[in-house]
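Just so it is clear: chains get the letters A, B, ... in the order the sequence lines come, proteins before strands, and each one is counted from 1. None of the values given here were measured: they were computed from a predicted structure.
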Amino acid sequence: MKKFATWNVNSLAVRLPQLLDWLAAHPVDALVLQETKLTDDKFPTMEIGEAGYQVQWFGQKTYNGVALITRERAENVVKNIPGLPDEQARVIAGTVGGVRVIGGYFPNGQAPGSDKFAYKMNWLDGLRRWLADELRAHEQLVLMGDFNIAPEDQDVYDPVAWAGQIHCTTEERAHFQALLNLGLTDAFRLFEQAPKSWSWWDYRNLAFRKNQGLRIDHILVSEALKQRVTACEIDKQPRRNERPSDHAPVIVTLAD
DNA sequence: ATGCCCAATTTGATTGGA
């Protein structure tokens with residue numbers, strides 16, 4: 001059995017104790033982090049190493065930043081998207097136990113029509129082009145992270161209020177579908193799930209307590225890997241912590 | 001109500017997140 005997971009920690013400096021607790025309770029073969037918000041020199045490699053994990057990391061000051069935490073050494077590590085010049089640290093990939101693991105912090109996009117939205121669209125174009133190559137090179141592949149896209153209305157607590165808003169636009173959803181069209185499957189939807197399953201809840205408005213959220217953190221698996229998936233779940237527990245991230249981890253379980 | 005909370009830097013104010 002293998003487990004892969006993704007978690008937007010919204011500042012690893014703040015969330016490191018929670019990360020170490022979580023890893024102790026949930027041993028995984030690979031975990032990708034987003035929004036570490038740390039320059040490379042500040043990354044807590046020692047603490048993660050002492051927890052029994054190897055780690056690859058790629059960050060910047062204040063914003064973004066990703067990491068790939070693994071039991072076994074990750075091979076052929078790639079940072080950001082080849083062929084897409086990008087100032088922002090958003091992607092880290094490596095091969096672990098024969099599986100290509102890609103972690104991404106997709107751009108937020110802020111608002112349709114904004115410069116940041118245009119950047120998001122261009123980034124998604126670049127990601128899709130690279131993913132097509134990666135899928136040709138790696139039969140077993142998982143793409144996971146904070147997609148900042150709610151794929152369907154069932155992934156939104158109030159689809160009417162969110163219609164056309166960021167994370168829910170037709171353009172973003174078309175990009176999500178384009179990733180699926182490459183031969184990827186949303187692992188979460190392989191299984192019956194409770195209605196109103198979210199991976200993110202706004203810090204404001206008591207949103208977690210009222211369960212008002214979005215499902216924007218995803219795990220997409222290639223056809224070969226899909227055959228091995230036995231479970232996929234969102235772990236809401238860390239969202240109940242004191243000083244939680246606004247995102248919850250998503251975990252996929254695979255047969256050997 | 002271009003607001004609420006949270007994190008980080010530009011710090012007792014602003015920007016970005018989602």
A.B. asks: When rounded to the nearest Å, what value does the distance between C1' atoms of B:dT11 and B:dG16 take?
C.D. replies: 16 Å
A.B. asks: Scan for side chain to side chain donor-acceptor pair (under 3.5 Å) pairs involving residues 11-21 of chain A, sequence neighbours excluded, and state none if there are none.
C.D. replies: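 For residues 11-21 of chain A: A:Q18-A:N241.
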A.B. asks: Can you check the A:R239 CZ to B:dC5 P distance for me, whole Å?
C.D. replies: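 Roughly 13 Å, once rounded to whole Å.
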A.B. asks: Return the value, rounded to whole Å, for the distance between atom CZ of A:R15 and atom C1' of B:dA7.
C.D. replies: 8 Å
A.B. asks: Scan A:Q165 against the nucleic acid and name what it touches under 4.0 Å (heavy atoms): base, sugar-phosphate only, or nothing.
C.D. replies: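 Nothing: the residue A:Q165, judged by heavy atoms under 4.0 Å, touches no strand.
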A.B. asks: Measuring from A:T185:OG1 to A:L179:CG, what's the distance to the nearest 0.5 Å?
C.D. replies: 11.5 Å
A.B. asks: Sort and list the pairs that fulfil ring pair (Phe, Tyr, Trp, His ring centres under 6.0 Å) and have at least one residue in residues 216-235 of chain A, not counting sequence neighbours.
C.D. replies: A:F147-A:H218, A:F176-A:H218
A.B. asks: Give A:L206 one of three labels, base, sugar-phosphate or nothing, depending on what nucleic acid heavy atoms sit under 4.0 Å from its own.
C.D. replies: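 The residue A:L206 makes no contact with any strand.
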A.B. asks: In whole angstrom, give the distance that lies between atom CD of A:Q110 and atom C1' of B:dT2.
C.D. replies: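 Whole-Å distance recorded here is 11 Å.
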A.B. asks: In whole Å, what separates the P atom of B:dT10 from that of B:dT15?
C.D. replies: 13 Å
A.B. asks: Strictly below 4.0 Å: does A:Y105 bring a side-chain N or O up to OP1 or OP2 of B:dA18?
C.D. replies: yes
A.B. asks: Base, sugar-phosphate alone, or nothing: which one does A:F106 contact when heavy atoms must sit under 4.0 Å apart?
C.D. replies: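 If one applies the 4.0 Å heavy-atom cut-off, A:F106 turns out to touch nothing in the nucleic acid.
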A.B. asks: Between A:R204 and A:N8, who's closer to the 5' end of DNA chain B by nearest nucleotide?
C.D. replies: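 First, find each residue's nearest nucleotide; the 5'-ward one identifies A:R204.
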A.B. asks: Using the P atom as the reference point in each nucleotide, state the distance between B:dC6 and B:dA1 in Å, no decimals.
C.D. replies: 24 Å
A.B. asks: In whole Å, what separates the C1' atom of B:dA7 from that of B:dA18?
C.D. replies: 14 Å
A.B. asks: Taking only nitrogen or oxygen atoms into account, show me every contact under 3.5 Å that the protein makes with nucleotides 8-14 of chain B, one pair per line with its distance.
C.D. replies:
| from | atom 1 | to | atom 2 | distance (Å) |
| --- | --- | --- | --- | --- |
| B:dA8 | OP1 | A:S11 | OG | 2.3 |

A.B. asks: Do we get A:R240 above A:F208's six-membered ring, with its NZ or CZ under 6.0 Å from the centre and within 45° of the axis?
C.D. replies: no
A.B. asks: May I ask you to verify if any side-chain N or O of A:H247 is less than 4.0 angstrom from the OP1 or OP2 atom of B:dA18?
C.D. replies: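 Yes, within the criterion.
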A.B. asks: Starting at atom CG of A:D202, determine the distance to atom P of B:dG17, rounded to an integer number of angstrom.
C.D. replies: 14 Å
A.B. asks: Any salt bridge linking A:K120 with A:D115? Criterion: basic side-chain nitrogen under 4.0 Å from a carboxylate oxygen.
C.D. replies: no
A.B. asks: Within the 4.0 Å heavy-atom criterion, would you say A:N148 contacts the bases, only the backbone, or no part of the nucleic acid?
C.D. replies: sugar-phosphate
A.B. asks: Out of A:E134, A:E75, A:Q140, which one pairs with A:R100 under the side chain to side chain donor-acceptor pair (under 3.5 Å) rule?
C.D. replies: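 Of the listed options, the one satisfying the test is A:E134.
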A.B. asks: CG of A:L16 versus C1' of B:dA7: gap in Å, rounded?
C.D. replies: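 A:L16 atom CG is separated from B:dA7 atom C1' by 16 Å.
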A.B. asks: How close or far is atom P of B:dA7 from atom CD of A:Q18, stated in whole angstroms?
C.D. replies: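 One finds 9 Å between P of B:dA7 and CD of A:Q18, rounded.
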A.B. asks: Does A:N64 reach a base, just sugar-phosphate, or nothing at all? Heavy atoms under 4.0 Å.
C.D. replies: nothing
A.B. asks: May I have the distance from A:I216 (atom CD1) to B:dA18 (atom C1'), rounded to whole angstrom?
C.D. replies: 6 Å
A.B. asks: Between atom CG of A:L143 and atom CG of A:L135, what is the distance when rounded to the nearest 0.5 Å?
C.D. replies: 9.0 Å
A.B. asks: A:D115 has an atom CG; how far is it from atom P of B:dT15, in whole Å?
C.D. replies: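 Result: 15 Å.
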A.B. asks: Scan A:E172, A:R173, A:H167 and name whichever one has a side chain to side chain donor-acceptor pair (under 3.5 Å) with A:T169.
C.D. replies: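 Only one of A:E172, A:R173, A:H167 forms a side chain to side chain donor-acceptor pair (under 3.5 Å) with A:T169, namely A:E172.
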